[in-house]
Structure formats: C-alpha cells, structure tokens
J.: 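One structure, pasted below without further comment.
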Amino acid sequence: MKQFARSTLITAALALSVATAAQAHTDLVSSQPENGAMVMQPVQSVTLEFGAPVKLVNVRLVSSSNKPVSLDFKPVMEPSASFSVPVPNLKPDTYTVNWMAMGDDGHKMKGSFGFMQH
C-alpha cells in the first residue's frame, strides 16, 4: 500500500512539473493578418496573440525582397498576451513578420508568419 501511495505521489509531482514547464513557454496562437492571408484592405497594424502573457522583445516586417519595413516598435517589457504594432502604408507585396518574445522565466521564443497585401 505504501508503495502505491509513493508511486502515485511521484506521478502527480511529475505531472505538475511538466504542466508548470509547459505554462512557462508559450507560442503565438493567432495573428492578424493570419499566416498566409491575402489581405484586400490596407493593413494598418499587425496583431499578435499569445497563449500566455509574454514580453514582446522584437517585431520586424520585411518585404518579399527582404527589405525591412520601418516600424515604430519599441520592446514591451510589460507582460501581455496581446500586442498590436502599427504598420505604415504597404505596397502590394508579400510580407513576413518576424517576432521574438520572452516568457516570465526569461526563455526567449521566436517565430514568423507571412501575408500578402493586395
């Protein structure tokens, strides 16, 4: 009986540690424009939605020729799950958004997504 209780306690502790580690690292859950979207109206901002609050460290927007688009972005050190970054008028082209965020444990996450401005 003691063996069963000990193994149950160990299993519960492991499950809790895995769940805590999973919460410390979150990913982008959605964006506007969405990845792969063809946008007919002018894009006025890029919105990033994360699964948990993070600090948004960097956002870059580049054209299909890898030319950076100037954004008025400054790192956001106040944790949030949602960020909106204003975008200047875009010419018709395919764009890639590269982002980097930092979790509350200091772990950096990065990713990218693309859209087409028609």
Side-chain angles (χ1 to χ4, degrees):
M1 189 70 157
K2 286 184 181 181
Q3 182 70 2
F4 176 75
R6 185 176 295 139
S7 76
T8 301
L9 183 59
I10 291 170
T11 301
L14 285 172
L16 182 59
S17 69
V18 169
T20 302
Q23 288 177 347
H25 308 293
T26 187
D27 283 322
L28 186 70
V29 293
S30 70
S31 66
Q32 286 298 326
E34 293 180 353
N35 185 35
M38 179 184 285
V39 184
M40 303 307 272
Q41 300 297 321
V43 173
Q44 296 180 349
S45 65
V46 170
T47 302
L48 302 114
E49 298 280 341
F50 293 89
V54 296
K55 298 171 185 173
L56 191 59
V57 177
N58 194 8
V59 176
R60 292 186 62 234
L61 181 64
V62 295
S63 67
S64 62
S65 61
N66 210 28
K67 181 179 178 190
V69 175
S70 180
L71 299 177
D72 186 23
F73 173 79
K74 291 177 182 36
V76 180
M77 293 296 116
E78 184 66 33
S80 179
S82 180
F83 300 92
S84 183
V85 179
V87 173
N89 290 333
L90 299 175
K91 297 178 182 176
D93 198 355
T94 300
Y95 294 90
T96 301
V97 177
N98 298 300
W99 59 267
M100 182 184 299
M102 185 169 41
D104 60 356
D105 63 350
H107 178 80
K108 289 184 181 170
M109 301 147 282
K110 59 184 176 178
S112 63
F113 62 92
F115 66 91
M116 181 183 294
Q117 174 71 64
H118 190 268

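What you are looking at is a predicted structure, and each value in this text was computed from that prediction instead of being measured.
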J.: Would you kindly confirm whether Met100 and Val97 end up in one hydrophobic cluster when ILVMFWY residues are joined by side chain heavy atoms under 4.5 Å apart?
T.: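 No: no chain of side-chain contacts under 4.5 Å links Met100 to Val97.
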J.: Identify the two heavy atoms, one from Phe113 and one from Leu28, that lie closest to each other, and give their separation to 0.1 Å.
T.: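 Of all heavy-atom pairs spanning Phe113 and Leu28, the closest is CD2-CD2, 3.9 Å.
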J.: Given side chains that start at C-beta, do those of Asp104 and Pro79 come closer than 4.5 Å, heavy atoms only?
T.: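 Not in contact.
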J.: Using the rule that Ile, Leu, Val, Met, Phe, Trp and Tyr join whenever any side-chain heavy atoms are under 4.5 Å apart, tell me whether Val85 and Val76 fall into a single cluster.
T.: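 Cluster IDs for Val85 and Val76 match.
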J.: Examine Met102 and Leu48 and state if one hydrophobic cluster contains both, with Ile, Leu, Val, Met, Phe, Trp and Tyr joined whenever side-chain heavy atoms are less than 4.5 Å apart.
T.: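 Cluster IDs for Met102 and Leu48 differ.
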J.: Taking all heavy atoms of Gln117 and all of Tyr95, pick out the closest pair and write down the distance.
T.: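 Closest heavy-atom pair between Gln117 and Tyr95: CB-CE1, 3.9 Å.
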J.: Is the number of heavy atoms from other residues, nucleotides or ligands within 6.0 Å of CD (Glu49) greater than 12?
T.: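 More than 12 within 6.0 Å, yes.
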J.: With a 4.5 Å cut-off on side-chain heavy atoms, are Pro88 and Val69 touching?
T.: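 Val69 reaches Pro88 side chain to side chain.
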J.: Rounded to the nearest 0.5 Å, how far apart are CE of Met40 and CE of Met116?
T.: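 If we round to the nearest 0.5 Å, Met40:CE and Met116:CE are 10.5 Å apart.
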J.: Under 4.5 Å between any side-chain heavy atoms of Val46 and Leu71, yes or no?
T.: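 No; the side chains remain at least 4.5 Å from each other.
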J.: To check you understand the geometry: which heavy-atom pair defines the closest contact between Ser82 and Thr47, and what is its length?
T.: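 Taking Ser82 first and Thr47 second, the nearest heavy atoms are OG-CG2, 4.3 Å.
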J.: At what distance, to the nearest 0.5 angstrom, does CD of Glu78 lie from NZ of Lys55?
T.: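 Reported value, rounded in 0.5 Å steps: 8.5 Å.
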J.: Write down the atom of Ala52, the atom of Thr26, and the distance for their closest heavy-atom approach.
T.: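 Closest pair (atom of Ala52, atom of Thr26, distance): N-OG1, 3.3 Å.
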J.: To the nearest 0.5 Å, tell me how far Trp99 CH2 sits from Phe50 CZ.
T.: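 Nearest 0.5 Å value for the CH2-CZ distance: 4.5 Å.
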J.: Membership question, hydrophobic clusters at under 4.5 Å side-chain separation (ILVMFWY): are Val43 and Leu61 in the same one?
T.: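 Yes, it is one cluster - the side chains of Leu61 and Val43 are joined through contacts under 4.5 Å.
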J.: So, taking the atom named CE in Met109 and the one named CG in Leu56, what distance separates them when rounded to the nearest 0.5 Å?
T.: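 Reported to 0.5 Å precision, the distance equals 10.0 Å.
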J.: What closest approach, in Å, do Asn58 and Arg60 show between heavy atoms, and which atom pair accounts for it?
T.: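 Looking at all heavy atoms of both residues, the closest pair is OD1-CG, 3.9 Å.
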J.: Please give me the minimum heavy-atom distance between Val39 and Phe115, naming the atom from each residue.
T.: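 Answer, listing the atom of Val39 first, then Phe115: CG2-CD1, 4.2 Å.
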J.: Between the side chain of Asn35 and the main-chain N/O of Gly114, is any donor-acceptor distance below 3.5 Å?
T.: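 Side chain of Asn35 to backbone of Gly114, a donor-acceptor pair under 3.5 Å: yes, one is there.
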